[in-house]
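Written out below as structure tokens is the structure these notes cover.
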Amino acid sequence: MGITKSDKFNEEQNTLATIAKVFAHPARIAILQQLFKLNACVCGDLVVEIGLAQATISQHLKELKNLGIIKGNIEGTSVCYCINVEEWENTKQIFLKFLNQDIENNSCCI
């Protein structure tokens, strides 16, 4: 696989691509949906709810945490995760700005 030449693109394009890459796995979407559904810090129930191995869940949590849309707190021997509300709002705005683009006249490909 080739190297992404991110310096060829502006910050907004690189940010949107990074977010899209993290969202591109259904397990990560399922994890986010579960965190929203529970609306609380989750400390290990994800393995049972998602149905994947702990190591796999941990890898996906790491990607979501690296993006900043979830945060984790250490409680005893476990790490509890929840949605980072501020970063989630920022992520939504980035995506909405992109998705709300419209074409005024789309007659070129009839």
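Predicted, not measured: the structure shown is a model, and the values here were computed from it.
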**Distance (rounded to the nearest 0.5 Å) between Trp88 CH2 and Leu67 CG** = 9.5 Å
**Request:** Taking Asn73 for its side chain and Val79 for its backbone only, find out whether a donor-acceptor pair lies under 3.5 Å.
**Result:** no
**Asked** Which atoms form the tightest heavy-atom contact between Gly72 and Lys65, and what is the distance?
**Response** N-CE, 3.9 Å
**Prompt:** With the threshold set at 4.0 Å, does a side-chain nitrogen-carboxylate oxygen contact exist between Glu87 and Lys71?
**Reply:** no
**Rounded distance (nearest 0.5 Å) linking atom CG of Asn84 with atom CG of Leu35** = 11.5 Å
**Prompt:** What residues, two or more places apart in sequence or in another chain, satisfy ring-ring contact (aromatic ring centres under 6.0 Å, His included) together with Phe98?
**Reply:** none
**Request:** Evaluate the side-chain proximity of Leu46 to Gln34: yes if any heavy-atom separation is below 4.5 Å, no if none is.
**Result:** yes
**Fill in**
Value for SG (Cys82) from CD1 (Ile70), rounded to nearest 0.5 Å, stands at 8.5 Å
**Prompt:** Side chains of Gln54 and Ser58: do they bring a donor and an acceptor to under 3.5 Å?
**Reply:** yes
**Request:** Establish whether Leu32 and Leu99 are linked, either directly or via other cluster members, by ILVMFWY side-chain heavy-atom contacts under 4.5 Å.
**Result:** yes
**Complete:** In this structure, CD of Glu63 is separated from OG1 of Thr18 (nearest 0.5 Å) by 10.5 Å
**Complete:** dist Tyr81:OH -> Ile57:CD1 (nearest 0.5 Å) comes out at 11.0 Å
**Asked** Donor-acceptor pair, Gln13 side chain versus Asn10 backbone, under 3.5 Å?
**Response** yes
**Request:** Please step through side-chain contact (heavy atoms from CB on, under 4.5 Å) for the pair Asn66 and Lys62, ending with a clear verdict.
**Result:** CA-CA 6 Å; Asn66 286 343; Lys62 180 181 174 186; 3.8 Å; yes
**Request:** Using a 4.5 Å cut-off on heavy atoms from C-beta on, say whether the side chain of Asn39 contacts that of Ile83.
**Result:** no
**Student check: side-chain heavy atoms of Ile69 and Phe23 closer than 4.5 Å** = yes
**Request:** Would you check if the side chain of Arg28 reaches a backbone N or O of Val22 as a donor-acceptor pair within less than 3.5 Å?
**Result:** yes
**Complete:** When rounded to the nearest 0.5 Å, the distance separating CD1 of Ile31 from CG of Leu52 is 7.5 Å
